[in-house]
Amino acid sequence: MKALDVWHNFVKTRNTDGLNDFIADDAELYSPVVFKPIEGQFMVSMYLMAASQIIANDNFKYIREISDDTNAFLEFETEIDGIIVNGVDMIKFTEDGKLQEIKVMVRPLKAVNIVHKKMGEYLEKMQS
């Protein structure tokens, strides 16, 4: 299974089994609301678990995709608490099919604010 297919399956099913195996040890996640990149398999995995529940909810859909063997640009739309969220996942995979880097861009400002609030609440619950 191609790395992008693994990603799509994760987003569609929100099944986190095997997520750690899919993420490279030195992976980086660039959040739309955190200044510094999230680094390392464990931390990237935590953020992706939260995003799978908050952003990739039942309203989530990819509406455009541009990809090659190691890169994917995936435009998405979703709705969180009545706010339409539009964004792009820019993903880089390793040669052996692991997630190396993901940058998430979100618009408009109302969407950034709701993502920030909901992700913060979810991650706080995960740590307690």
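Positions are given from 1, in the same order as the sequence printed here. The figures that follow rest on heavy atoms only: side chains count, while hydrogens, waters and symmetry mates do not. Keep in mind that what you see is a predicted model, and the values were worked out from it rather than measured.
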Checklist outcome for this item: By salt bridge (Lys or Arg N to Asp or Glu O under 4.0 Å), E77 pairs with (sequence neighbours left out) none
Item to check | side chain to side chain donor-acceptor pair (under 3.5 Å) partners of Y62, counting only residues at least two apart | outcome: W7, D89
Next on the checklist: Please give the remaining members of the hydrophobic cluster of F35, linking ILVMFWY side chains under 4.5 Å, ordered by chain and number.
Outcome noted: none
Next on the checklist: Applying side-chain contact (heavy atoms from CB on, under 4.5 Å) to L74 and V11, what does each step give before you reach the verdict?
Outcome noted: CA-CA 12 Å; L74 309 170; V11 171; over 6 Å; no
Checklist entry - Residues sharing I84's hydrophobic cluster, by side-chain heavy-atom contacts under 4.5 Å among ILVMFWY, directly or via others? => result none
Checklist entry - By salt bridge (Lys or Arg N to Asp or Glu O under 4.0 Å), which residues pair with K117, not counting sequence neighbours? => result E121
Checklist entry - Should side-chain heavy atoms under 4.5 Å link Ile, Leu, Val, Met, Phe, Trp and Tyr, which residues sit in the same cluster as I63? => result none
Checklist entry - About how many Å separate CD1 of I114 and CG of D81, when rounded to the nearest 0.5 Å? => result 4.5 Å
Item to check | Note, I83 side chain near N113 side chain (heavy atom, < 4.5 Å) | outcome: no
Checklist outcome for this item: Members sharing V88's hydrophobic cluster, built from side-chain contacts under 4.5 Å between Ile, Leu, Val, Met, Phe, Trp and Tyr, are I66, F73, M90, M105
Checklist outcome for this item: The reported gap from CG in N86 to CD in E75 (rounded to nearest 0.5 angstrom) is 5.0 Å
Next on the checklist: Under a 3.5 Å cutoff, is there a donor and acceptor pairing between the side chains of N57 and E79?
Outcome noted: no
Checklist outcome for this item: Rounded to the nearest 0.5 angstrom, the CG-CG distance for N9 and N15 is 7.5 Å
Listed pairs under 3.5 Å, donor-acceptor, residues 96-104 side chains, sequence neighbours left out:
residue, atom, partner, partner atom, Å
D96, OD1, T94, OG1, 2.4
K98, NZ, D21, O, 2.9
Q100, NE2, D26, O, 3.4
Q100, NE2, D26, OD1, 3.2

Next on the checklist: Please tell me whether Y30 and V34 are part of a single hydrophobic cluster in this structure, the criterion being side-chain heavy atoms less than 4.5 Å apart.
Outcome noted: no
Checklist outcome for this item: So side chain to side chain donor-acceptor pair (under 3.5 Å) across residues 32-53, not counting sequence neighbours, yields N20-S45
Item to check | Within residues 91-128 or reaching into it, pairs that qualify as ring-ring contact (aromatic ring centres under 6.0 Å, His included) - sequence neighbours excluded | outcome: none
Checklist entry - Honestly curious: do I54 and V112 fall in one hydrophobic cluster under the side-chain, below-4.5 Å linking rule? => result yes
Next on the checklist: Working note: I55 + K118, criterion side-chain contact (heavy atoms from CB on, under 4.5 Å); need CA distance, chi angles, decisive distance, verdict.
Outcome noted: CA-CA 9 Å; I55 299 171; K118 294 294 187 177; over 6 Å; no
Checklist entry - Is there a side-chain contact between V106 and F76, using heavy atoms and a 4.5 Å cut-off? => result yes
Item to check | Joint hydrophobic cluster, I91 plus M46, side-chain heavy atoms closer than 4.5 Å | outcome: yes
Checklist entry - Looking only at heavy atoms, what is the nearest atom pair of A56 and R14, with distance? => result O-NE, 2.9 Å
Checklist entry - With a 4.5 Å heavy-atom cut-off, do M119 and V33 have their side chains touching? => result no
Next on the checklist: Could you work out, with salt bridge (Lys or Arg N to Asp or Glu O under 4.0 Å) as the rule, every residue matching R107, not counting sequence neighbours?
Outcome noted: none
Next on the checklist: Going by the rule salt bridge (Lys or Arg N to Asp or Glu O under 4.0 Å), which residues pair with D68 if we only count those two or more places apart in sequence or in a different chain?
Outcome noted: none
Checklist entry - Can you find a heavy atom in the side chain of F10 that is under 4.5 Å from one in the side chain of T16? => result yes
